[in-house]
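Remember, it's 1-based here, ligands and their atoms both numbered in the order they're listed.
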Amino acid sequence: MPETSLQLGIFALGGTIAGTANAPGATVGYRAGALDISELLRGLPFPAHCALTARQVAAIDSKDLTASHWHDLLDAMDASPGHQAAVVTHGTDTLEETAHWLWRLHAPGQRPVVLTAAMRPADAPGADGPGHLVDALALAADLAQRHAAGQPSAVWVTLHGQIWRGLDMDKTRPYHLPAFESVDSGPWGLVENSHVRWLRDPAAALQPGPQDHAQALATLAAGAQRWRQDRDAPWPWVEVIYATAQADPRLIPALVQAGVQGLVLAGLGNAQVPQRWEAAVEAARAAGITVWASSRCTRGQPVPAGQPPFSAPQHSGQFLSLARLRLDLCLTLLAFRRA
Ligand code: ASP
């Protein structure tokens, strides 16, 4: 292999991985996105035979992420034709939403993408960011080689030494490590001492699952394309509303009146809608609002029961968190929006 044969592009968006503490040793109350990507890379070991280019796309706390950051990220990637795989550094709070969005936009012929993040600021004792970045580069190098050999690519996430598909992982803990997990699928591989050990064939990552609904996935892809083509298109307003005992239905007509276009109901148990919400939900549907009912349970897909209007969306054969479902509803509305 020649001395430098792989080009990796790094695209930084900020987050805790680039954070600095406000007080020595603090692991909360820090400033996310304080350090430039060049500072994060300084002194790190890089994979052999790789050349890196790094670009600071944004320097945000990912709690403030918007769809225009996704356009900026994709624009930056498109404007960097030389790289063979991309590493994206990100905050953990909305990592799964960016991973989901990139996943829905991704085609197998495109360059592989690896997202990573950290739970502790860069100057914290036990900072996890440097190790995650080294792992992400090792994974990107592995994927770049596979893609150069003709394998289809995908969007991946690595933290805590685990590799997940961009579709599979969620942040499940606000502070403790490991903070991420995959509810239905488990990791696809591990990064160990800068070596990638695949547990499943990464070439199969983008294949739809046996329970995935092909037409719904095509709709999501069409919505993604429309969004990417029209940067100025208004973002569909979709809210998640959370059912509890005693949940007051008045929020629903208030949102409808304010112009909401889609609702994801975080229903009870197996996507159950409280009886006191039913009339408001029916009225929202009658007003043309798309309503998807899912569950506030955080582990596991609701099982189909009953008929619409209160059944959960069945487009995915695996668990999708409420944040991910909300994005899929945005894409569905984008796909069906009149030009
Ligand atoms: N609030 C931070 C962010 O999402 C949290 C983190 O990165 O861990 O940017």
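The closest side-chain heavy-atom distance from Asp61 to Arg31 is not below 4.5 Å.
In this structure, Phe319 shares a hydrophobic cluster with Val183, the cluster being traced through Ile, Leu, Val, Met, Phe, Trp and Tyr side chains under 4.5 angstrom apart. Residue Tyr30 belongs to no hydrophobic cluster, having no ILVMFWY side-chain heavy atom closer than 4.5 Å to its own.
For the residue pair Arg226 and Phe336, the shortest heavy atom distance occurs at NH1-C, 4.4 Å.
For ligand 1, residues of the protein lying within 4.0 angstrom by heavy-atom distance are Gly15, Thr16, Tyr30, Asp61, Ser62, Gly91, Thr92, Asp93, Ala118.
Judged as a side chain to side chain donor-acceptor pair (under 3.5 Å), the pairs with a partner in residues 111-133 (not counting sequence neighbours) are, in order, His83-Arg111.
Side-chain contact of Asp212 with His315: a donor-acceptor pair under 3.5 Å is absent, judged by distance alone.
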